[in-house]
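Report on the structure given below.
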Amino acid sequence: LHNGRHSFPTRRSSDLRYVGARFDNARLPVEFLPDLQAFRDLLLAFARDHWRSQNQKRERLPKGFDKSISLDLVALKSGSAIPQLEWRRDVAQKMLPDFTDEIEDAVKDAFNEIILLFDNAGQNNFPRTLPPQQIRALNKFGANLREGERIELSTPSLNDGVVVYIDSYRRKSILTNVTETYETRYEGIGELIANNINGLVKIRTPDKGDLEIQVQPERIPLDFDGSLGATVQFAIQIELDHSDNFRG
């Protein structure tokens with residue numbers, strides 16, 4: 001990091017350690033699998049910015065830059081659920097053989113910037129703005145976290161006792177400091193109060209009011225028609241403001 005506390009591991013791998021009762025005994029609920037793609041998207045977003053800052057005379061990123069940053073899930077370690085992710089240097093060599101070392105530098109810097117972002121959030125130090133690509137990735141990464149759960153970023157170089165993590169509070173704080181809203185996963189049970197053939201259902205919830213949810217139109221006659229007043233279980237991505245008021 002810029003403060004010199006951490007650096008990207010030389011073996012080009014990192015662990016995301018999920019902490020919470022749901023992750024005991026190396027269990028990772030399937031709804032968290034999109035986190036791995038979101039983390040790669042976040043890494044890519046920061047790597048893009050690093051490349052541009054180091055190559056200001058170039059108008060565009062090299063063709064194949066995005067595909068050159070590939071992460072593989074190589075293990076799921078025990079001791080909570082710990083997906084081990086590894087950056088594929090061989091993919092970068094194949095896609096952009098003339099820029100492999102520069103891409104590796106971009107990945108290292110990107111990882112350091114992510115750690116710095118999360119670490120600063122723990123000290124109530126937030127960026128004033130973030131690029132749209134980084135915001136989109138953050139809105140997906142950790143969206144399923146509940147209160148008391150967190151994702152720790154662990155690397156071989158994090159051996160000074162400092163634990164860098166993101167939880168629902170830090171995630172919300174980062175996003176609402178750079179934009180008015182944030183996205184999160186919302187699960188619950190409500191009452192079906194309306195539906196129409198265009199694929200729109202309306203569900204009354206105890207804490208978020210009436211939610212209009214788009215579904216495939218063919219599901220209306222199969223699952224919802226004639227069921228007004230019935231109990232509906234749902235799991236959706238919603239947008240909230242900094243006071244957790246429903247936006248969409």
Side-chain angles (χ1 to χ4, degrees), residues 1-2 6 8 12-14 16 31-73 83 85-89 91-92 95-96 99-122 125-145 151 153 155 164-185 236-242 247-248:
L1 288 184
H2 299 302
H6 311 313
F8 192 83
R12 308 186 187 98
S13 66
S14 61
L16 302 178
E31 58 263 33
F32 283 91
L33 293 180
D35 271 9
L36 308 185
Q37 178 65 47
F39 183 76
R40 182 263 179 188
D41 291 345
L42 188 60
L43 192 72
L44 173 60
F46 276 98
R48 279 170 158 257
D49 287 347
H50 172 85
W51 176 275
R52 291 191 178 102
S53 69
Q54 299 299 311
N55 298 272
Q56 296 184 13
K57 294 182 179 180
R58 292 180 178 271
E59 293 184 4
R60 297 187 179 94
L61 293 165
K63 187 176 181 180
F65 183 89
D66 289 8
K67 291 184 178 179
S68 73
I69 299 180
S70 176
L71 294 182
D72 283 352
L73 175 63
L85 303 176
E86 186 173 87
W87 175 62
R88 293 283 301 275
R89 180 181 169 90
V91 173
M95 298 299 301
L96 294 168
F99 298 105
T100 305
D101 289 339
E102 293 177 67
I103 292 173
E104 182 166 0
D105 288 342
V107 172
K108 290 177 181 178
D109 185 81
F111 188 86
N112 287 343
E113 289 292 340
I114 293 170
I115 289 184
L116 183 63
L117 177 67
F118 295 168
D119 199 26
N120 282 344
N125 181 10
F126 306 104
R128 293 183 178 180
T129 185
L130 287 174
Q133 191 179 27
Q134 294 178 16
I135 293 174
R136 285 194 296 270
L138 277 170
N139 264 320
K140 296 177 182 177
F141 185 60
N144 286 296
L145 289 173
I151 306 172
L153 273 68
T155 76
V164 178
Y165 69 88
I166 188 168
D167 58 8
S168 58
Y169 176 77
R170 289 190 183 186
R171 180 177 170 275
K172 170 187 171 180
S173 298
I174 293 170
L175 287 165
T176 55
N177 270 274
V178 297
T179 185
E180 292 183 355
T181 61
Y182 73 103
E183 294 178 16
T184 188
R185 191 73 167 172
I236 55 176
Q237 194 87 350
I238 61 172
E239 185 180 27
L240 304 174
D241 64 18
H242 68 281
R247 288 290 189 90

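Asn177 places no side-chain N or O within 3.5 Å of a backbone atom of Phe126 that could act as its donor or acceptor partner. The closest donor-acceptor contact from the side chain of Thr179 to the backbone of Leu175 lies at 3.5 Å or more, if one exists at all. Remark: side-chain polar atoms of Arg88 are not paired, donor with acceptor, to backbone N or O of Asp72 under 3.5 angstrom. Of the possible donor and acceptor atoms, none in the side chain of Gln37 sits under 3.5 Å from a partner among the backbone N and O of Lys140.
Interatomic distance, CG of Leu44 versus CD of Gln133, reported as 5.0 Å (0.5 Å rounding). Summarising the geometry, atom NE2 belonging to His242 is positioned 7.5 Å from atom OG1 belonging to Thr176; distances are rounded to the nearest 0.5 Å. In this structure, Leu138 CG and Glu183 CD are separated by 11.0 Å, a value rounded to the nearest 0.5 Å. Note that the CD1 atom of Ile103 and the CD1 atom of Ile69 stand 6.5 Å from one another [nearest 0.5 Å]. Atom CZ of Phe141 is separated from atom CD1 of Ile114 by 8.0 Å, given to the nearest 0.5 angstrom. Atom-to-atom distance recorded for Asn120:CG and Glu113:CD is 9.5 Å, nearest 0.5 angstrom.
Between Ile166 and the options Asp119, Leu16, Ile151, a side chain to side chain contact (heavy atoms under 4.5 Å, CB included) holds for only Ile151.
Ala110 and Ala47 make their closest contact through CB-N, 3.5 Å (heavy atoms, listed as atom of the first residue, atom of the second, distance). Across every non-hydrogen atom of Ala143 and Gln237, the tightest pair is CB-NE2, 3.6 Å. Across all their heavy atoms, Phe118 and Arg170 have their closest contact at O-NH1, 3.1 Å. For the pair His50 and Ala106, the tightest heavy-atom approach, listed with the atom from each and the gap, is CD2-CA, 3.2 Å.
Ring geometry for Phe111 against Phe39 counts as perpendicular: the plane angle is over 60°, on a 0 to 90° scale with 30° as the lower cut.
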- Check the pair Val107 / Glu104 against side chain to side chain contact (heavy atoms under 4.5 Å, CB included), numbers first and verdict last. CA-CA 5 Å; Val107 172; Glu104 182 166 0; 5.6 Å; no

- Message: Using side chain to side chain contact (heavy atoms under 4.5 Å, CB included), reason through Phe32 and Leu145 one step at a time and then give a plain yes or no.
- Response: CA-CA 9 Å; Phe32 283 91; Leu145 289 173; 4.1 Å; yes

- Item | Test log, rule side chain to side chain contact (heavy atoms under 4.5 Å, CB included), inputs Glu102 and Asn55 | CA-CA 10 Å; Glu102 293 177 67; Asn55 298 272; 3.7 Å; yes

- Apply side chain to side chain contact (heavy atoms under 4.5 Å, CB included) to Phe65 and Arg60, showing your working. CA-CA 10 Å; Phe65 183 89; Arg60 297 187 179 94; over 6 Å; no

- Would Arg89 and Asp101 count as a salt bridge (Lys or Arg N to Asp or Glu O under 4.0 Å) if you check the C-alpha gap in whole Å, the side-chain angles of each, and the deciding distance to 0.1 Å? CA-CA 9 Å; Arg89 180 181 169 90; Asp101 289 339; 2.8 Å; yes

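Residues Leu36 and Leu71 form no side-chain contact, since every pair of their non-hydrogen atoms from C-beta on lies 4.5 Å or further apart. Side-chain atoms of Asn112 and Leu116, non-hydrogen and from C-beta on, never get closer than 4.5 Å to each other. Inter-residue side-chain proximity for Asp241 and Glu180 is flagged as unmet; no heavy-atom pair is nearer than 4.5 Å.
For residues 41-53, the pairs satisfying salt bridge (charged side-chain N to carboxylate O under 4.0 Å, His left out) are Arg48-Asp66, Asp49-Arg52, with sequence neighbours left out.
With sequence neighbours excluded, no residue satisfies ring-ring contact (aromatic ring centres under 6.0 Å, His included) with Tyr165. By the salt bridge (Lys or Arg N to Asp or Glu O under 4.0 Å) test, Lys172 pairs with Asp244, sequence neighbours left out.
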